[in-house]
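Reading through the structure tokens given below for one structure.
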Amino acid sequence: MNKLGIIGAMELEVEQLKSEMTVDAISKKAGMDFYEGILNGTRVVVVRSGVGKVNAALCTQILADLFAVTHIINTGVAGSLNPALDIGDILISTDALHHDVDASIFGYRPGEVPQLGIREFPASQELAQAAKVACEKVNPDIHAVLGRVVSGDQFISDKAVKDRLIREFQGDCTEMEGASIAQGAYLNDIPFVIIRAISDKADDSAQMDYPVFEAAAAKHSAALVREMAGRLS
Ligand code: ADE
């Protein structure tokens with residue numbers, strides 16, 4: 001039987017899911033509250049990790065060790081890098097990498113964590129497909145695209161930085177947790193997918209757009225994840 005670990009960085013990204021699930025238990029670890037129960041017929045553990053890659057990595061390891069989840073889904077918002085992704089659209093991950101890791105002086109590619117032997121952590125195609133189908137069902141008017149998530153411990157709000165993330169990493173969206181979750185899932189051999197609704201364009205307009213579009217974007221991503229959960233029992 002599947003048990004989905006569902007991670008959102010911020011309360012806004014998980015509050016809807018928590019209110020829609022039946023909760024059997026809540027346990028605290030590393031300052032995070034893990035909600036165990038049933039969401040749309042499927043066993044889940046829903047958790048707010050907190051913002052950034054360290055929080056996300058800790059959360060992923062706890063889901064693996066203490067909750068034995070079979071799949072990991074990251075829901076939330078992101079800044080778009082791909083001009084085809086507008087505010088309100090949804091990005092479903094094909095893979096994820098760290099844009100703020102750089103050991104290129106030793107011959108590693110920018111973004112590659114030394115000695116892992118991999119730079120882009122591949123998302124589960126099965127989960128990505130389930131996300132696409134779920135999106136067509138619950139958000140038929142929303143444009144959903146498969147693509148690459150590039151993550152770092154920075155809120156990107158500068159056109160020059162955005163352009164570098166596109167040039168160096170061919171990213172489709174940027175956020176602050178996905179690659180850590182992907183790396184943790186990869187190291188623990190757990191299939192994962194990242195679902196991100198676009199809240200801003202990661203350029204000089206991001207500071208203005210993010211607070212305006214964040215809540216609606218987070219809700220769309222969560223609605224998709226709820227529908228997806230129903231297909232993964
Ligand atoms: N999350 C949403 N928008 C973002 C941005 N522009 N940079 C990093 N994380 C984000």
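As the structure is a computational prediction, the values presented were derived from the model and not from experiment. Start at 1 and go down the list; that is how both ligands and their atoms are numbered.
- Atom CG of D24 is surrounded by more than 12 heavy atoms from other residues, nucleotides or ligands within 6.0 Å.
- For ligand 1, the 4.0 Å heavy-atom shell contains residues V77, A78, G79, Q154, F155, I156, T174, E175, M176, S199, D200, A202, Y210.
- The closest side-chain heavy-atom distance from K132 to E136 is below 4.5 Å.
- Residues passing the side chain to side chain donor-acceptor pair (under 3.5 Å) test with D89 are H143, sequence neighbours excluded.
- Taking the six-membered ring where the residue is Trp, F169 and H99 present tilted rings, their angle falling between 30° and 60°.
- Contact of the E20 side chain with the N40 side chain is not registered, since no non-hydrogen atoms from C-beta on lie closer than 4.5 Å.
- Using a 4.5 Å cut-off on side-chain heavy atoms (C-beta onward), S180 and H98 make contact.
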